[in-house]
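Below is one structure, written out as structure tokens, with a few remarks after it.
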Amino acid sequence: MAAILEVKGLKAFYGQTQSLYDVGFEIENGGITTLLGANGAGKTTTLRAICNMVRTDGTIRFESREIRGLATEEVVRLRIGHVPEGRGTFTTLTVDENLRIAAYTRKDKAAIAADLERVFTYFPRLKERVQQQAGTLSGGEQQMLAIARALMLKPRLMLLDEPSFGLAPLIVVEIFRILRRINEEDKVSILLVEQNAALALDLADHAYVLETGRVVMSGPSSVVKNDENIRKSYLGY
Amino acid sequence: MEQFLQQIASGLANGAIYACVALALVMIYVSTDHINFAQGEMAMFSTYLSWQLMTWGLSFWVAFVLAVALSFVLGVVIERAILRPLHTAPVLSIIVVFIGLLAIFNALAGAIWSYLIKEYPSPFPKGSFGIAGVIGPHQLGVVVVTLIVLTLLFVFFRYTPLGLAMRAAAQNPQMARLVGVRVDWMLALGWGLAASVGAVAGIMVAHIVYLDPNMMGGILLYAFASALVGGISNPAGAVAGGFIVGILENMVAFAGNQIEKATGVYIIGNGEKLTVALIIVIFVLTVKPAGLFGRVVVKRV
């Protein structure tokens with residue numbers, strides 16, 4: 001299968017500080033890839049680099065097209081849905097407005113309405129809260145809203161930054177089950193960044209391990225999961 | 001009693017003007033955290049544009065619409081050409097730019113149209129409407145026009161996708177980019193709309209204060225007071241603040257006159273209106289720093 005996203009020799013800088021040195025990975029079309037690593041390894045920065053939210057160097061090819069250097073809003077228009085660290089809720093807008101703004105770049109009105117209904121079948125709780133100010137939602141609900149918002153873009157690829165962060169274990173399980181469905185039923189490829197390596201390896205088919213801004217190892221999830229050395233040295237369990 | 005109602009009505013008319021300028025200030029403030037000190041002078045310049053168009057033979061309302069549209073373009077151009085390159089500059093530099101713009105517009109208007117005070121027509125002829133003895137046609141017209149403009153803006157921001165995108169860009173610019181909103185253009189549009197609303201205020205008030213390059217100086221102060229009283233981060237609050245300040249200043253002068261009439265002692269009158277308005281602002285901000293309708297920002301750390 002062809003890769004939907006290819007990253008090669010990616011470097012990233014915050015001002016004068018370099019935080020990625022050599023990151024390379026691929027996501028298969030329709031696949032789920034996870035980036036693992038300790039705090040500060042460069043996982044979030046990698047996602048931000050794809051959307052041109054930091055200064056970068058290297059190659060980022062999406063559907064065989066070089067996208068490095070495109071403005072963030074143009075990258076998004078290629079239908080790359082980014083669920084950012086901290087969920088990025090528009091706190092003063094209602095849940096409904098949060099979802100409608102995500103479809104801002106789309107012109108297919110009928111399909112948008114259908115997608116809204118579909119999103120509500122994944123997250124019925126959002127439907128109950130549709131007129132509520134998004135800032136008043138619980139953490140788990142805001143995470144659902146963030147994923148739902150990315151879905152309203154009708155993405156080809158979804159970038160998820162620690163969707164399990166700060167959530168109760170039961171809600172995390174629910175969210176990961178929904179991510180699986182999104183991948184299988186909506187044919188969305190997924191790039192998942194996670195602290196919770198065990199959880200991520202269960203969902204993903206491929207894993208890359210980052211350490212201080214470099215990819216230090218990679219392989220199919222099943223291999224990475226069962227390699228005791230990798231687990232002990234990089235994943236800490 | 002009739003005098004009392006008169007004062008309320010004239011307060012409403014002034015308040016409508018303050019509300020418009022305050023709203024223009026707030027529209028730029030919520031998306032950039034900057035107070036545009038040149039807002040008043042931009043409105044004055046727009047008013048001169050409409051005056052110029054009228055002297056070229058256009059009717060009032062055609063000149064009105066054209067001037068408001070030109071102001072929109074002017075606002076967009078100022079944002080794109082002057083403020084965009086400064087988006088990473090420190091706040092102080094931007095304040096200096098605003099003060100520079102204020103001086104430039106003032107001098108430019110003086111150079112083009114001279115500093116001589118000009119009469120400015122009212123589109124609401126005498127005896128057309130109004131309530132005899134309470135509110136004149138021009139004052140009533142001002143209130144109606146501003147209410148229409150405010151309603152249009154409300155509908156735009158509340159119910160259109162572009163309005164939603166502008167609110168999203170103001171609230172969380174980074175996330176707005178991540179849903180594909182072109183945030184830079186939203187800021188420019190915000191500047192355009194603010195300039196347009198200011199233009200409406202200038203054109204409406206010019207018949208009352210007469211047309212001259214310094215006509216908006218006092219009004220900008222009142223508008224600033226209104227925005228602060230209502231809550232600088234809340235557009236609806238700014239509008240309410242405008243009407244509150246407008247009515248309050250007249251009530252203060254009215255009360256002063258009544259006291260003088262009854263006791264012969266002069267305490268307060270028309271001359272002290274601005275002082276009193278500013279005292280009220282300080283009082284409100286001391287008791288409620290976020291303004292009457294402002295949101296207190298609580299951040300989780």
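The basis for the numbers below is simple: all heavy atoms, side chains too, and nothing from hydrogens, waters or symmetry mates. Here is the naming used below: chain letters follow the sequence lines, and residue numbers restart at 1 for every chain.
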Where does A:M152 contact chain B at under 4.5 Å (heavy atoms): side chain, backbone, both or neither? neither

Any idea which heavy atoms bring A:E97 and B:R158 closest together, and the distance? OE2-NH1, 3.3 Å

Looking at A:V75, A:L93, A:I80, which has the largest count of heavy-atom pairs under 4.5 Å with chain B? A:L93

Please look at A:T89 and chain B and tell me whether the side chain, the backbone, both or neither of the residue comes under 4.5 angstrom of a heavy atom of that chain. backbone

Heavy-atom distances under 4.5 Å only: say whether A:R100 touches chain B with side chain, backbone, both or neither. both

Is the number of heavy atoms from other residues, nucleotides or ligands under 6.0 Å of A:F165 CZ greater than 12? no

So which bits of residues 113-132 of chain A come within less than 4.5 Å of chain B, counting non-hydrogen atoms only? none

Examine whether an atom of A:Y104 lies under 4.5 Å from a heavy atom of chain B, and if so say whether it belongs to the side chain, the backbone or both; otherwise answer neither. side chain

Ordered numerically, the heavy-atom neighbours of chain B under 4.5 Å found in residues 6-20 of chain A are none

By number, which residues in residues 24-44 of chain B have some heavy atom less than 4.5 Å away from chain A? none

Report, in residue-number order, which members of residues 170-180 of chain B are under 4.5 Å from chain A by heavy-atom distance. B:Q171, B:N172, B:Q174, B:M175, B:A176, B:R177, B:L178, B:V179, B:G180

Using heavy-atom distances under 4.5 Å, tell me whether A:R48 contacts chain B through its side chain, its backbone, both, or neither. side chain

